[in-house]
Amino acid sequence: GRWGRAATRGPALIRAEAAGDKPVLRVLDAYDAGAVTKDDVLAFTKMKQRTYHNAHIRLKRIVRKLIDPKLAAKSRA
C-alpha cells in the first residue's frame, strides 16, 4: 500500500536530506546497526551527549520536513 513504499523509501530520503551532516549520518548508521535507545546510539557512535542531542534535533527536523513541509516551516525541534 501507500505506506509500504514510503517506509522503504524513507531511510534513503532521510539520508539524502542529511547528506554532509556527519553526526546525523552517524546516528542513522547506529539505527541501521540495531541501536534503539539513546545509550545504544552513544555506545555505537562514541559521540558525546551534546553532539548526539544536536544531531537528534536536526534529524527530527529532517523527518518533519519530509512528512509535512508546511509544518516544518512553522516549528523548530
Side-chain angles (χ1 to χ4, degrees):
R2 180 178 132 188
W3 292 110
R5 275 196 315 263
T8 57
R9 255 188 2 235
L13 292 173
I14 293 168
R15 282 187 179 278
E17 283 291 320
D21 190 333
K22 288 182 182 178
V24 170
L25 294 172
R26 287 171 58 204
V27 170
L28 292 172
D29 289 343
Y31 291 150
D32 287 347
V36 177
T37 66
K38 175 182 173 180
D39 287 339
D40 291 344
V41 174
L42 290 172
F44 182 86
T45 63
K46 308 286 191 257
M47 282 182 171
K48 294 184 176 170
Q49 288 201 23
R50 170 60 77 191
T51 304
Y52 166 82
H53 176 77
N54 291 333
H56 193 258
I57 287 171
R58 292 193 305 278
L59 177 57
K60 289 191 305 187
R61 212 174 275 152
I62 288 167
V63 171
R64 188 179 301 123
K65 175 183 171 188
L66 291 171
I67 291 171
D68 187 347
K70 286 181 271 182
L71 177 65
K74 293 179 187 173
S75 65
R76 295 285 163 232

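Residue numbers start at 1 and run along the sequence shown.
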Less than 3.5 Å apart, which donor and acceptor atoms pair up between the side chains of residues 43-53 and the rest of the protein, not counting sequence neighbours?
| residue | atom | partner | partner atom | Å |
| --- | --- | --- | --- | --- |
| Thr45 | OG1 | Val41 | O | 2.8 |
| Thr45 | OG1 | Met47 | N | 3.2 |
| Lys46 | NZ | Ala43 | O | 3.0 |
| Gln49 | OE1 | Lys38 | NZ | 3.4 |

*asked:* Taking salt bridge (Lys or Arg N to Asp or Glu O under 4.0 Å) as the definition, give me every residue that meets it alongside Asp21, ordered by chain and number, with sequence neighbours left out.
replied: Arg58

*Find out whether Asp39 and Leu42 are in side-chain contact, i.e. whether some heavy atom of one side chain is under 4.5 Å from a heavy atom of the other.*
yes

What donor-acceptor contacts under 3.5 angstrom involve side-chain atoms of residues 28-36, with partners at least two apart or in another chain?
| residue | atom | partner | partner atom | Å |
| --- | --- | --- | --- | --- |
| Asp29 | OD1 | Arg15 | NH1 | 3.2 |
| Asp29 | OD1 | Arg15 | NH2 | 2.8 |
| Asp32 | OD2 | Arg15 | NH2 | 2.6 |

*To the nearest 0.5 Å, tell me how far Leu59 CG sits from Leu25 CG.*
9.5 Å

*Does Asn54 have any side-chain hydrogen bond (donor to acceptor under 3.5 Å, both in side chains) partners at least two apart in sequence or in another chain, and if so, which?*
none

